[in-house]
Novice: 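Next up is a structure, given as structure tokens.
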Amino acid sequence: MRPTVASTGDCPLQSDVFPRVHASVWIGVVWLVAGACSRDPQAAAPAGSEAISATNETATAEDGFRESLPREGGPAGYVGSAACKPCHDDQFTSWHRTYHRTMTQYATPATVRANFDQQTLTNQGVRFSLSRHEEELRVRMERLGPAANSDGPPAAMETRVGLVTGSHHMQVFWMPGGDGNTQIGFPFTWLIPEARWVPRNSTFIRPPGFQHSSEIWNVTCSRCHSTGVEPRVDVARHVMDSQAAELGISCEACHGPGERHVQARRAAPAGAKPEAATLRGEIVQPENLDAKRSSEVCGFCHSMKWIDRSEPWRERGFRYRPGDDLEATTPLIQPHKVDQIPGLKDHLARNSDLLADFFWSDGMGRVSGREYNSVAASPCFQGGKFSCLSCHSLHESEPNDLLAANRQDNRACLQCHPAFGTDAALTAHTRHAPASSGSECYNCHMPHTTYGVLSAIRSHHISSPRVSDQLVTGRPNACSLCHLDRPLGWVANALSSWFQHPTNQLDQAQTTAAEGARLALTGDAGQRALAAWHLGWKPAREAAGSDWMIPLLGALLDDPYAAVRCLAERSLRLTPSAVPPGYDFVTEPETRPPASEESWRRWLASRSAATAAPAPFSGALTVPDDVRARLRPMLEMRNHRPMRLRE
């Protein structure tokens, strides 16, 4: 088998998944696509042309717009979630309120949370004017400056927004790209917490100045943000004719095509209750599958995997259906099994940064969307009983995190580890009070060392905190992510005393400086992002105090990476008076006065007005000037290697 690599997000190898469909698609770096949008009526109408009936013009435009959208319906065997509702109203209702349902939707005022009311955005020499016309969300694009008179796309275009992806953290938008129903990514994203537009590139950890290229929904996001997608790429005709059973993640994404089940139940006598074996032949119930197969249902989307060259997914979609062997068509990429996956070793030799973009150096997942890779590599999974459903439930949970109602605390772990069920046993193991965050199993064994969607996310590679792992990989240990004010040496001593971990050779900074400060100031962009998030994490602020964190977050306001600046601003806003007025994380630091200076002044003013605890950067520092003296050399030690984390 000679596979080609593919990821479930950020399209790492776009040329592999969309081989030269049409040149117009790639002009999205200028704005969206040349010739794909309606030209400005006044600029494009030939002199002397006759007016067309407004009614006919509207009808023609509406028909053309509908043809530019991926369709819902099919493939064979899929019937859609509406067919499930009459018999499974409770399950339909619980699914309907999840963020899975709204992964991708047609863009309408009802589905879009972003502000389209007379908004004006500018990016890379193009002005985007957003407007709302009844049910239509429109974007007018105008090239500015010398580019407006150059060859290439027309000076002004207008189009409607076709699709929207996301409804939880942010919303991403897609617009007709010509070439059939190709959908091209809009270069701005709506951040839901801040309720504002930002350049799409600023929402990722990518090197400053990284050139953002247009994304294509049909062959990237559709794979995991819709159900039963068929991209239908026609290379010969240079078009796409994509369709999906449903936009978003619907019932059949987890239970498989429902046609056989619906037909059988409709044909059965009223009130008849089929045997379990009969139902298993009609529809898939993930909880009735073994641990591996049920986890693979989730892993179809929540993983990074290979796609065999014989898998015709670009034309007819994936052959995988819930209950199948996922790795028969799309094997997982597991860094510790490189030699066992045909073709992977050679591919990595040609793409040396690929694993670093997704994994820590020991193979543990580093970015969101790859949870199944991590679960599959965990010791718990090897026992054959642990699965995604051990903790998660789509129907008996709250939409955020989808943790089952009785799995939101240590009960999730006590299923397999009942020995820690008493307060005494738990305390003896954790060395923390039973009701504290330090005695919550997942804070130690599933720390937030994964990055994605401008947030830190729990690792799904279940492990134990070890300083030796951090020294090898750079991945922060769980203890330090809560005890941010303590040096790494303090953690090493505690783990050695409690669990007989071997001693580690540490440098001076690791034995004297607060680990939160060291990560925030000297780490690489991914480490700094995790540090910025944890400096706003409630358990860490309760354990370590928060006043001393302000200078660190202030320094990160000037970080070269926009995503790090965003996380730092979010954490710093927990102390609103410390945020410089008018600060905007999108603005490049070199174009404005240092925000860290103003944040520093505000911190000093707050400390002079009230008694504050010493800042724990080194020993018992008590004078603010000593704190600043410690910050500067750490900033000079920053790891500046370019980073791209492909979530």
Side-chain angles (χ1 to χ4, degrees), residues 9-10 99 102-105 107-124 128-132 137 139 161 163-175 185-206 208 210 212 214-215 217 221 225 367-369 399-401 448 450-457 525-526 528-530 532-537 553 556-574 576 579-589 592 595 644-647:
D10 196 26
Y99 297 114
T102 56
M103 280 293 173
T104 300
Q105 303 175 89
T108 69
T111 61
V112 169
R113 300 182 63 174
N115 184 1
F116 272 79
D117 295 328
Q118 308 304 316
Q119 297 289 298
T120 301
L121 310 170
T122 303
N123 191 38
Q124 297 184 10
F128 300 85
S129 301
L130 315 185
S131 59
R132 192 185 293 254
L137 302 171
V139 177
V161 179
L163 302 178
V164 55
T165 295
S167 63
H168 189 191
H169 304 285
M170 58 185 70
Q171 286 196 314
V172 177
F173 297 90
W174 309 90
M175 308 171 80
F186 183 54
F188 288 86
T189 294
W190 179 260
L191 294 186
I192 292 174
E194 284 81 8
R196 61 165 297 191
W197 289 101
V198 299
R200 179 136 175 78
N201 215 28
S202 68
T203 66
F204 297 100
I205 290 184
R206 291 172 173 168
F210 183 90
H212 178 74
S214 294
E215 300 160 298
W217 181 88
C221 298
H225 289 227
V367 294
S368 63
N400 193 39
D401 295 334
H448 296 84
T450 298
Y451 173 82
V453 290
L454 291 173
S455 183
I457 298 169
R528 300 197 304 270
L530 293 178
W533 185 89
H534 280 91
L535 288 165
W537 187 40
L553 292 168
L556 292 177
L557 294 181
D558 294 326
D559 195 274
Y561 285 71
V564 176
R565 299 195 299 268
C566 176
L567 290 168
E569 181 187 358
R570 286 178 174 177
S571 293
L572 194 57
R573 288 200 180 280
L574 295 173
V579 182
Y583 177 79
D584 186 350
F585 81 88
V586 170
T587 304
E588 298 296 337
R592 55 168 170 73
R644 181 186 180 190
L645 295 184
R646 302 195 221 179
E647 51 184 292

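This chain uses plain numbering: 1 for the first residue, then up along the sequence.
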Novice: Can you tell if the side chain of Ser131 reaches within under 4.5 Å of the side chain of Asp117, non-hydrogen atoms only?
Specialist: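 No, their side chains stay 4.5 Å or more apart.
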
Novice: List in chain and number order the residues that pass side chain to side chain contact (heavy atoms under 4.5 Å, CB included) with Ile192, two or more places apart in sequence or in another chain; answer none if no residue qualifies.
Specialist: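 For Ile192, the residues satisfying side chain to side chain contact (heavy atoms under 4.5 Å, CB included) (neighbours in sequence not counted) are Arg113, Gln171, Trp190.
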
Novice: Any donor and acceptor pair, going by atom type alone, linking the side chain of Arg565 with main-chain N or O of Phe585 inside 3.5 Å?
Specialist: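 At least one qualifying donor-acceptor pair exists.
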
Novice: Heavy atoms only: give me the nearest Arg646-Val367 pair and the separation to one decimal.
Specialist: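 Between these two residues, the closest heavy atoms are O-CG2, 3.4 Å.
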
Novice: Name all residues meeting the side chain to side chain contact (heavy atoms under 4.5 Å, CB included) criterion together with Asn400; count only those two or more places apart in sequence or in a different chain, and write none if there are none.
Specialist: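 Listed in chain order: His168.
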
Novice: Under 6.0 Å between ring centres, would you say that holds for Trp197 and Phe173?
Specialist: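 Judged by ring-centre distance (under 6.0 Å), Trp197 and Phe173 do meet the cut-off.
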
Novice: Looking only at non-hydrogen atoms, find the nearest pair between Ile457 and Ser368 and report the distance.
Specialist: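 Closest pair (atom of Ile457, atom of Ser368, distance): CD1-CB, 3.4 Å.
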
Novice: Return the set of residues passing side chain to side chain contact (heavy atoms under 4.5 Å, CB included) with Ala456 (not counting sequence neighbours), or none when no residue passes.
Specialist: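 Partners of Ala456 by the side chain to side chain contact (heavy atoms under 4.5 Å, CB included) criterion, ordered by chain and then number, come out as His448, Leu530, Trp533, His534.
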
Novice: Which residues pass the side chain to side chain donor-acceptor pair (under 3.5 Å) test with Asp558, sequence neighbours left out?
Specialist: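 In terms of side chain to side chain donor-acceptor pair (under 3.5 Å), with neighbours along the sequence ignored, Asp558 is linked to Arg592, Ser596.
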
Novice: Using the side chain to side chain donor-acceptor pair (under 3.5 Å) criterion, which residues pair with Thr165? Sequence neighbours excluded.
Specialist: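 Applying side chain to side chain donor-acceptor pair (under 3.5 Å) to Thr165 gives Thr104, Trp174.
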
Novice: Output all residues satisfying side chain to side chain donor-acceptor pair (under 3.5 Å) with Thr203, sequence neighbours left out; order by chain, then residue number.
Specialist: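 With sequence neighbours excluded, Thr203 shows a side chain to side chain donor-acceptor pair (under 3.5 Å) to no residue whatsoever.
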
Novice: Taking all heavy atoms of Val172 and all of Arg200, pick out the closest pair and write down the distance.
Specialist: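 Looking at all heavy atoms of both residues, the closest pair is CG2-NH1, 3.2 Å.
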
Novice: Quick one: salt bridge (Lys or Arg N to Asp or Glu O under 4.0 Å) pairs with a partner in residues 186-198, sequence neighbours left out?
Specialist: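 Checked against salt bridge (Lys or Arg N to Asp or Glu O under 4.0 Å) - neighbours excluded - the pairs reaching residues 186-198 are Glu194-Arg570, Arg196-Asp584.
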
Novice: Can you tell if the side chain of Leu130 reaches within under 4.5 Å of the side chain of Thr120, non-hydrogen atoms only?
Specialist: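 No - every pair of side-chain heavy atoms lies 4.5 Å or more apart.
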
Novice: Hey, does Leu557 have a side-chain heavy atom less than 4.5 Å from the side chain of Tyr583?
Specialist: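 SC-SC contact between Tyr583 and Leu557 confirmed.
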
Novice: Restricting to non-hydrogen atoms, name the atom on Ile205 and the atom on Ala529 that form the minimum distance, rounded to 0.1 Å.
Specialist: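 Heavy-atom minimum between the residues: CD1-CB, 3.7 Å.
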
Novice: Just verifying a value: how many Å separate Leu191 CG and Cys566 SG, rounded to the nearest 0.5 Å?
Specialist: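 If I round to the nearest 0.5 Å, the distance is 6.0 Å.
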
Novice: Please list, chain by chain and in numerical order, all residues satisfying side chain to side chain donor-acceptor pair (under 3.5 Å) with Ser202, sequence neighbours excluded.
Specialist: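 Expected list: none.
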
Novice: Drop me the distance from Gln118's CD to Ser129's OG, to the nearest 0.5 angstrom.
Specialist: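 Those atoms lie 8.5 Å apart.
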
Novice: According to ring pair (Phe, Tyr, Trp, His ring centres under 6.0 Å), who are the partners of Tyr451, at least two apart in sequence or on a separate chain?
Specialist: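 Listed in chain order: nothing, the list is empty.
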
Novice: Partners of Ala532 by side chain to side chain contact (heavy atoms under 4.5 Å, CB included), sequence neighbours excluded?
Specialist: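 Result, side chain to side chain contact (heavy atoms under 4.5 Å, CB included) vs Ala532: Leu556, Leu567, Ala568.
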
Novice: Check for a donor-acceptor pair, side chain of Ser455 on one end and backbone N or O of Gly452 on the other, with a separation under 3.5 Å.
Specialist: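 No; zero donor-acceptor contacts below 3.5 Å.
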
Novice: Can the ring centroids of Phe210 and Tyr561 be said to lie less than 6.0 angstrom from one another?
Specialist: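 No, the ring centres sit 6.0 Å or more apart.
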
Novice: Without swapping roles, check the side chain of Arg132 against the backbone of Leu137 for a donor-acceptor pair under 3.5 Å.
Specialist: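 No: the side chain of Arg132 does not pair with the backbone of Leu137.
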
Novice: When rounded to the nearest 0.5 angstrom, what distance separates CG in Leu553 from OG in Ser571?
Specialist: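 So the CG of Leu553 and the OG of Ser571 are separated by 5.5 Å.
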
Novice: Start with the C-alpha gap between Asn201 and Arg206, add the side-chain angles, then the distance that decides, and say whether side-chain contact (heavy atoms from CB on, under 4.5 Å) holds.
Specialist: CA-CA 8 Å; Asn201 215 28; Arg206 291 172 173 168; 2.7 Å; yes

Novice: Would you please name every residue forming a ring pair (Phe, Tyr, Trp, His ring centres under 6.0 Å) with Phe188, sequence neighbours left out?
Specialist: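 Partners of Phe188 under the ring pair (Phe, Tyr, Trp, His ring centres under 6.0 Å) test: Phe128, Phe186.
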
